[in-house]
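A short worksheet on the structure shown next.
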Amino acid sequence: MTDAAIPKSPPSLPLMARVFFWIGVLSFGGGLSGWIHRQVVQQYGWMDNDDVLSGIALAQVLPGANVTNLCVYVGYRIRGTAGAATSLIALLAGPTVICVLIAMAYHLLQDYPVLQACVDGVAAAAVGLNLRLGIVGAQRVMPRIAPTIAMIATFLAVGVFEWPLVPVVLVIAPLSVAAVWPRGARDA
Amino acid sequence: MREDSTFSLYMSLLAVFVPFSLVAIGGGGSIFAPIQREAVDVQHWITGREFVELFAIARVSPGPGSMLATVIGWKVAGWGGALVATVALFLPSSIVCLGVAQVWNRYRGRDWHKALETGLAPIGTGLMFAGVVAILKLGHGGPFAWALAGVVAVILTWRPKTHPFAVLLIGAVAFNVQLLLAR
């Protein structure tokens, strides 16, 4: 059943590389996960809708950028480990080069006040995008007491007290998961 | 840091980004606060101002926003540094993901999966807020930046389909208007 999503003749690795390369290069402004979904399900029919949605859920739970996790999952489901490696490298290759080129260009032009203002404005707006993500997350968390405490504790520890991230996560994550762990039949 | 050998710079990039890769719960945005602390306050790779600039550059570039690591790596040790930082941030989490992907479908929908999701989501959200505060504290924008971030969040709540790039453009225009008015 788990193999149902893998087509009888999977696409070649070079084709996968090409598809993910262009997803990476053209993904200005984010929203890559939606694009991967569209290309893989609708455009090429390499996977079915439910499988990709399940991958998106997995990508959000696991550590790491959601889009690279999704890329690894999708690549793996289509062509195993080689597919995962191919799609991940293809996805990141273009953006890696482009963001450094943009950084170099900025370095040359940074003395113009207009560009300075652009950078400040983009940074503030980008923070707003993250703020929105945080608010959406908080709305889902808030109805439950233990997750709400975990959220506030994490924010205070890392954002206000500036404690180191790794130990904070290693302490709070097990407690937070344990607090919602299903006991017996079904958790409230 | 320039007197350090390139190799030791690569090593410190790995030492900083590999652990962050493995605890970036809820996506790349969740580790911006600790990346800022490491890069600016602990390692002294860049100034707070440069951090905000690199954050903005990563955001207008294609690819995930966590390519912030890539441009920090470039700033620290050139193209080699960009490559090392990219691998350090994306490879460890990808290997974990690959391992989980292999067993994921067998256990899909089990209770513990739900518990993992419900238990970890609030940590990702808390970290996201921490990143928001860390970057706003560093920026030159002051109260104007805080207000703009708030307005953007409201716009996206009101019109969730707004393209992120349109929002970034609004930010750039707003700050230039403010610059003109301040003259």
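Below, chains carry the letters A, B, ... as their sequence lines are ordered, and counting in each starts from 1.
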Which of B:Gly73, B:Ala121, B:Ala56 touches chain A most, by non-hydrogen pairs under 4.5 Å: B:Ala56
Verify the distance criterion only: is there a donor paired with an acceptor across the side chains of B:Thr70 and B:Thr86 at less than 3.5 Å? yes
Between A:Val141 and chain B, with a heavy-atom cut-off of 4.5 Å, which part of the residue counts as in contact: side chain, backbone, both or neither? side chain
Contact origin within B:Glu38 toward chain A - heavy atom pairs under 4.5 Å: neither
Checking A:Val97 against chain B: side chain, backbone, both or neither under 4.5 Å from a heavy atom? both
Select one option (side chain, backbone, both, neither) describing which atoms of A:Gln110 are under 4.5 Å from chain B's heavy atoms. side chain
Using a cut-off of under 4.5 Å for heavy-atom pairs, which of B:Leu169, B:Ile155, B:Leu136, B:Val151 has the most such pairs with chain A? B:Leu136
Chain B shares the most heavy-atom pairs under 4.5 Å, among A:Gly94, A:Ala153, A:Ala117, A:Gly159, with A:Ala117
In terms of heavy-atom pairs under 4.5 Å, which option from A:Asp120, A:Thr154, A:Val169 contacts chain B the most? A:Asp120
Select, from B:Leu148, B:Leu98, B:Val71, the one with the greatest count of heavy-atom pairs under 4.5 Å involving chain A. B:Leu98
So, the part of B:Ala33 with a heavy atom under 4.5 Å from chain A: the answer is side chain
Determine, step by step, whether B:Gln43 and B:Arg37 satisfy the side chain to side chain donor-acceptor pair (under 3.5 Å) criterion, reporting the C-alpha distance in whole Å, the side-chain angles of both residues, the deciding distance to 0.1 Å, and the verdict. CA-CA 9 Å; B:Gln43 307 283 344; B:Arg37 219 175 71 85; over 6 Å; no
Atom group of A:Gln60 that falls short of 4.5 Å from chain B, counting heavy atoms: backbone
Measuring only between side-chain heavy atoms, which start at C-beta, is A:His37 closer than 4.5 Å to A:Leu53? yes
Between the main-chain N or O of A:Gly64 and the side-chain N or O of A:Thr68, is there a donor-acceptor pair closer than 3.5 Å? no
Side chain / backbone / both / neither for A:Val61 at chain B, heavy atoms under 4.5 Å: both
For B:Ser66, is it the side chain, the backbone, both or neither that has a heavy atom under 4.5 Å from a heavy atom of chain A? side chain
Contacting moiety of A:Met104, where chain B heavy atoms sit under 4.5 Å: both
Ion pair present between B:Lys75 and B:Glu53, side-chain N to carboxylate O less than 4.0 angstrom? no
Is there side-chain contact between A:Cys99 and B:Trp74, with at least one heavy-atom pair below 4.5 Å? no
Could you tell me which of B:Leu91, B:Val42, B:Val100 has the largest number of non-hydrogen atom pairs under 4.5 Å with chain A? B:Val100
Can you tell if the side chain of B:Pro34 reaches within under 4.5 Å of the side chain of A:Val158, non-hydrogen atoms only? yes
Check whether A:Ala84 gets within reach of chain B through its side chain, its backbone, both or neither, counting any heavy atom under 4.5 Å. side chain
Please flag which part of B:Trp79 lies under 4.5 Å from any non-hydrogen atom of chain A: side chain, backbone, both or neither. side chain
If I take atom CD1 from residue B:Ile135 and atom CG from residue A:Leu131, how far apart are they, to the nearest 0.5 angstrom? 11.5 Å
Do B:Thr157 and A:Arg132 have side-chain N/O donor and acceptor atoms under 3.5 Å apart? yes
Counting heavy-atom pairs closer than 4.5 Å to chain B, which one of A:Pro147, A:Gly137, A:Ala85 comes out on top? A:Pro147
What part of A:Leu58 gets within 4.5 angstrom of chain B, counting heavy atoms only: side chain, backbone, both, or neither? both
For the residue pair B:Phe55 and B:Phe32, does the interplanar ring angle fall in the parallel (under 30°), tilted (30 to 60°) or perpendicular (over 60°) class? perpendicular
Out of B:Ile95, B:Leu180, B:Val177, B:Leu120, return the one with the most heavy atom pairs under 4.5 angstrom to chain A. B:Leu120
Please flag which part of B:Val132 lies under 4.5 Å from any non-hydrogen atom of chain A: side chain, backbone, both or neither. both
B:Ile25 backbone acceptor or donor facing B:Ser30 side chain under 3.5 Å: yes
Exceeds 12 heavy-atom contacts within 6.0 angstrom, atom CH2 of A:Trp35: yes
Close side-chain approach of B:Ser61 to B:Ile57, heavy-atom, < 4.5 Å: yes
For the side chain of B:Asn176 and the backbone of B:Ala172, is there at least one donor-acceptor N/O pair under 3.5 Å apart? yes
Residue selection (most heavy-atom pairs with chain B, distance under 4.5 Å) from A:Ala123, A:Pro164, A:Ala178: A:Ala123
Less than 4.5 Å to any heavy atom of chain A: does that hold for the side chain of B:Ile170, its backbone, both, or neither? neither
For the interface with chain B, which of A:Val114, A:Ile98, A:Ile172 has the highest count of heavy-atom pairs at distances below 4.5 Å? A:Val114
Within the structure provided, determine whether A:Pro63 and B:Ser21 are in side-chain contact (heavy-atom separation under 4.5 Å). no
Output the option from A:Ala173, A:Gly134, A:Ala138 having the highest count of non-hydrogen pairs under 4.5 Å with chain B. A:Gly134
Winner by heavy-atom pair count (cut-off under 4.5 Å) against chain A, out of B:Ala149, B:Ala145, B:Ala147: B:Ala149
